[in-house]
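This report concerns only the one structure given below.
Here is the naming used below: chain letters follow the sequence lines, and residue numbers restart at 1 for every chain. All values below come from the heavy atoms of this structure, side chains included, with hydrogens, waters and symmetry mates left out.
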Protein chains: 2
Amino acid sequence: MKVSSQLRTHFPDGVFPARCPSRTVLDHVTSKWGVLILLALSEGTPLRWSELRRRAQGVSEKMLAQTLRTLDQDGFLHRDARPEVPPHVEYSLTPRGEELAALLVPLMAWIAQHAEDILAE
Amino acid sequence: MKVSSQLRTHFPDGVFPARCPSRTVLDHVTSKWGVLILLALSEGTPLRWSELRRRAQGVSEKMLAQTLRTLDQDGFLHRDARPEVPPHVEYSLTPRGEELAALLVPLMAWIAQHAEDILAE
DNA sequence: CTGTATCCGCACCGATACTG
DNA sequence: CAGTATCGGTGCGGATACAG
């Protein structure tokens, strides 16, 4: 069985329409910082804003905020703000986010394993 | 076993460095059109330029060329030009590309399956 | 048919300053 | 600590014209 048959259910002719929900979600998920944030949270431990900034090296405050908002709206992660001073906010994956991350992890693992060979050529 | 442990091998502390081979390859693979092209070819059938344009709806000639070049340089796909008039060029996945696509397909299948629910909220 | 070359707008993104 | 507001540049990406 060809692996691509999994796609035939939703894209019978192999065509990916320009404006469809799948494209939108795909863009959110595969966005430059979206992947890294989902991966960082894939371990299960809730992470704070500053910790996420540290893990996804190079992300600006603006892009972190924007990405977190998008992923939150899509229901992939949960924002837990404790009413404290100073503020203490934790981000964690929702069940839906965990499903998604479970598919992202093998991808990233494969990439990490082959990246050097790929760029060496 | 947590699924994320697959990443611990390469990112022991869960930190994704700014400038590392993995980031570069990740950006290539998760690029707007890169994913769609890899998925279109994941079926195994070689596709021609014009057919790829049709499948990845909305892609411009410029971006198709650019994306194909990148994926080719990374060794994910093979360009087969037959010396004919008019030109006949076929693109297909390399073994490496097939490995990658095999990880991309379940991701896209999951997204296609949940996209409407996700955006409905 | 399969591209390449060029122009150019605008959206993305980073940097900075500021706030609760 | 955890963000928001604003500005400016830059490179992505679309449109068009052209070539082999």
Side-chain angles (χ1 to χ4, degrees), chain A residues 16-19 23-38 40-41 45-74 77-93, chain B residues 16-20 23-38 40-41 45-74 76-93:
Chain A
F16 305 104
R19 279 178 292 281
R23 280 276 192 105
T24 305
V25 176
L26 180 66
D27 285 346
H28 293 178
V29 170
T30 63
S31 69
K32 184 175 179 63
W33 304 110
V35 194
L36 297 182
I37 289 173
L38 290 168
L41 292 172
T45 311
L47 297 179
R48 305 177 63 172
W49 166 277
S50 51
E51 181 62 15
L52 283 171
R53 276 209 76 182
R54 204 180 63 83
R55 305 258 186 147
Q57 286 193 7
V59 69
S60 66
E61 293 189 347
K62 178 181 174 178
M63 291 315 298
L64 180 57
Q66 194 174 111
T67 306
L68 286 173
R69 214 177 308 132
T70 301
L71 294 179
D72 186 20
Q73 284 170 3
D74 287 351
L77 56 81
H78 179 63
R79 182 181 184 278
D80 181 23
R82 303 184 189 172
E84 296 176 2
V85 178
H88 186 104
V89 183
E90 288 188 339
Y91 295 91
S92 56
L93 293 184
Chain B
F16 304 105
R19 279 179 290 282
C20 66
R23 280 276 193 104
T24 305
V25 175
L26 179 67
D27 287 346
H28 293 177
V29 170
T30 62
S31 70
K32 185 176 179 62
W33 304 110
V35 194
L36 296 182
I37 289 173
L38 289 168
L41 293 172
T45 311
L47 297 179
R48 305 177 61 172
W49 166 279
S50 52
E51 182 62 14
L52 283 171
R53 276 210 76 182
R54 203 181 63 84
R55 306 259 186 145
Q57 285 193 7
V59 69
S60 65
E61 294 188 346
K62 177 182 175 178
M63 291 316 297
L64 180 56
Q66 194 174 111
T67 305
L68 286 173
R69 215 177 308 133
T70 301
L71 294 179
D72 185 19
Q73 286 170 2
D74 287 350
F76 293 133
L77 56 82
H78 179 64
R79 183 181 184 278
D80 181 24
R82 303 184 190 172
E84 294 176 3
V85 177
H88 186 101
V89 182
E90 289 188 339
Y91 294 90
S92 56
L93 293 184

What is the distance from CG of B/Leu47 to P of C/dC1, rounded to the nearest Å?
16 Å
Interatomic distance, A/Glu84 CD vs D/dA2 C1' [rounded to whole Å]
13 Å
The side chain of A/Pro87 is closest to which nucleotide in this list: C/dT2, D/dT4, D/dA2?
D/dA2
When you measure from the side chain of B/Glu61, which nucleotide among C/dT4, C/dC13, D/dG3 comes out closest?
C/dT4
Once you round it to whole Å, what is the distance between P of C/dT6 and CD of B/Gln66?
15 Å
Value in whole Å for how far the P atom of D/dC1 lies from CD of A/Glu90
14 Å
Return whichever of A/Pro86 or B/Lys62 has its heavy-atom-nearest nucleotide of DNA chain D closer to the 5' end.
A/Pro86
Could you tell me the separation between the CH2 atom of A/Trp49 and the C1' atom of D/dT4, rounded to a whole number of Å?
9 Å
Separation of A/Met63 atom CE from D/dG3 atom P, in whole Å?
16 Å
Please report the distance, rounded to the nearest Å, between NE2 in A/His88 and C1' in D/dA2.
11 Å
For a quick check of understanding: with a heavy-atom distance under 4.0 Å over all strands, which category does B/Arg82 fall into, base, sugar-phosphate or nothing?
nothing
Counting N and O atoms only, with roles assigned by atom type, does the side chain of B/Arg23 sit under 3.5 Å from a partner on the main chain of B/Phe16, one being a donor and the other an acceptor?
yes
Treating A/Arg53 as the side-chain partner and A/Val59 as the backbone partner, does any N or O pair qualify as donor plus acceptor under 3.5 Å?
yes
Partners of B/Arg82 by side chain to side chain contact (heavy atoms under 4.5 Å, CB included), sequence neighbours excluded?
B/Glu84, B/His88, B/Glu90
Check whether any side-chain nitrogen or oxygen of B/Arg48 sits under 4.0 Å from OP1 or OP2 of C/dT2, and answer yes or no.
yes
Run the side chain to side chain contact (heavy atoms under 4.5 Å, CB included) test on B/Leu36 and B/Arg55 for me, step by step, so that the C-alpha distance in whole Å, both residues' side-chain angles and the decisive distance to 0.1 Å come before the verdict.
CA-CA 8 Å; B/Leu36 296 182; B/Arg55 306 259 186 145; over 6 Å; no
For the pair made of CG in B/Asp72 and C1' in C/dG3, what is the distance, rounded to whole Å?
14 Å
